[in-house]
Peer 1: 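Below is the structure I would like to discuss, written out as structure tokens.
All heavy atoms count here, side chains included; hydrogens, waters and symmetry mates do not.
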Amino acid sequence: MLRRGAALPVALGALLMSGCSRITTYSATTDTAAQAREQAKQQAVEQSQKQAHLRDVSRQELEQIPPPSKSLYLAVHTKEAWANPFIVVGRDKLNLRVVYADSNPSTFNPGGLLRPVSARQQDLDIRLADLPSALGAVPENAWPYGRVIAIEEGGTAIKADRAQIRRNVEATIQTLNDLGIVVDEWTGPNGSLLR
């Protein structure tokens with residue numbers, strides 16, 4: 001049996017040891033959280049560098065396309081008549097419409113019943129982050145007006161989505177400017193037709 005005076009140091013020792021293990025556990029948890037934050041920062045930097053590299057590669061590919069010809073593209077007033085890539089900006093995605101050049105060199109009935117434009121048109125839903133690589137993949141003959149893209153805000157029935165769509169339009173325009181592409185915006189901030 002322990003004496004009364006000897007039990008106190010044993011109890012204090014046990015209490016101190018349990019307290020030390022809690023401090024160690026807390027320290028290990030904060031170290032793990034710090035490592036996770038550092039790893040997230042590193043991944044964000046790597047992702048940013050990857051996107052910058054893809055943008056640079058896409059810009060080099062797009063530089064093969066001649067500068068835009070205003071006399072050609074300013075004369076177009078309908079979306080259906082626009083022959084260059086056309087972007088409709090939505091809340092969560094972009095719709096990229098590409099009309100490929102007619103591979104038949106004959107001047108007989110171009111775009112008519114035997115060679116409709118809709119057969120050469122492709123609509124792609126993409127994320128804003130994928131826009132540079134998507135445009136870099138568009139062939140040079142799909143840019144008859146030169147390096148210019150028409151862009152318009154997508155329609156929405158939900159009024160609250162208008163602000164997000166406008167922010168996406170501005171981000172899309174910034175991305176296109178970074179790629180060296182002239183932007184021909186077809187809608188105003190309130191959704192009115194500019195053309």
Side-chain angles (χ1 to χ4, degrees), residues 1-65 85-98 122-139 142 147 149-183 185 187-191:
M1 193 135 183
L2 290 174
R3 295 185 318 219
R4 189 175 186 135
L8 186 61
V10 171
L12 279 174
L15 185 62
L16 286 175
M17 292 189 71
S18 68
C20 290
S21 67
R22 287 189 189 138
I23 291 172
T24 305
T25 304
Y26 175 75
S27 177
T29 304
T30 57
D31 289 344
T32 304
Q35 289 173 348
R37 282 192 303 272
E38 187 62 35
Q39 188 177 19
K41 285 180 187 177
Q42 183 64 26
Q43 288 174 347
V45 167
E46 289 172 2
Q47 182 68 19
S48 175
Q49 289 173 345
K50 181 180 175 184
Q51 287 178 347
H53 175 71
L54 288 173
R55 186 179 58 243
D56 292 342
V57 169
S58 297
R59 185 180 177 104
Q60 289 175 355
E61 291 170 351
L62 290 166
E63 286 177 353
Q64 304 304 316
I65 300 165
F86 194 101
I87 298 174
V88 178
V89 180
R91 185 184 192 298
D92 300 319
K93 63 183 177 188
L94 307 176
N95 178 273
L96 174 64
R97 187 192 72 179
V98 178
Q122 185 174 17
D123 289 309
L124 306 166
D125 288 332
I126 59 173
R127 296 177 305 151
L128 178 58
D130 297 332
L131 183 60
S133 57
L135 292 175
V138 174
R147 201 171 39 235
I149 286 185
I151 184 172
E152 81 174 349
E153 293 180 16
T156 181
I158 303 169
K159 194 171 187 174
D161 288 347
R162 301 290 318 153
Q164 179 61 44
I165 291 172
R166 190 62 202 168
R167 283 191 295 270
N168 290 348
V169 167
E170 291 168 3
T172 302
I173 290 172
Q174 180 63 47
T175 300
L176 294 170
N177 287 335
D178 290 346
L179 292 171
I181 298 173
V182 173
V183 176
E185 190 173 4
T187 51
N190 61 357

Peer 1: Give, for atom CD1 of I173 and atom CD1 of I151, the distance between the pair rounded to the nearest 0.5 Å.
Peer 2: 5.0 Å

Peer 1: Distance from I149 atom CD1 to L131 atom CG, nearest 0.5 Å?
Peer 2: 6.5 Å

Peer 1: From T32 OG1 over to R37 CZ, what is the distance, rounded to the nearest 0.5 angstrom?
Peer 2: 10.5 Å

Peer 1: To the nearest 0.5 Å, how far apart are CD in E185 and CD in E152?
Peer 2: 10.0 Å

Peer 1: Once you round to the nearest 0.5 Å, how far does CD1 of I126 lie from CD1 of I87?
Peer 2: 6.5 Å

Peer 1: Would you check if I65 and V138 make a side-chain contact, meaning some heavy-atom pair closer than 4.5 Å?
Peer 2: no

Peer 1: Ignoring hydrogens and angles, tell me if any N or O in the side chain of D123 forms a donor-acceptor pair with the backbone of N95 under 3.5 Å.
Peer 2: no

Peer 1: For D178, enumerate each residue passing the salt bridge (charged side-chain N to carboxylate O under 4.0 Å, His left out) test, keeping only those at least two apart in sequence or located in another chain.
Peer 2: none

Peer 1: Which heavy atom of A142 sits nearest a heavy atom of V98, and at what distance?
Peer 2: CB-CG1, 4.0 Å

Peer 1: Could you tell me which residues satisfy salt bridge (charged side-chain N to carboxylate O under 4.0 Å, His left out) with D125, sequence neighbours excluded, listed by chain and number?
Peer 2: K93

Peer 1: Does some side-chain heavy atom of L135 sit less than 4.5 Å from a side-chain heavy atom of L176?
Peer 2: yes

Peer 1: Do E153 and V89 have side-chain heavy atoms sitting under 4.5 Å apart?
Peer 2: no

Peer 1: On a heavy-atom basis, which atom in P132 and which in T175 lie closest, and how many Å separate them?
Peer 2: CG-CG2, 4.0 Å

Peer 1: What are the two closest heavy atoms between P85 and L96, and how far apart are they?
Peer 2: CB-CD1, 4.0 Å

Peer 1: Do the side chain of R91 and the main chain of Q164 share a donor and acceptor less than 3.5 angstrom apart?
Peer 2: no

Peer 1: Run the side-chain hydrogen bond (donor to acceptor under 3.5 Å, both in side chains) test against Q42 and tell me which residues pass, sequence neighbours left out.
Peer 2: E46

Peer 1: Closest heavy-atom contact between L128 and A171?
Peer 2: CD2-CB, 3.5 Å

Peer 1: How many angstroms lie between atom CG of L179 and atom CD of E63, to the nearest 0.5 angstrom?
Peer 2: 10.0 Å

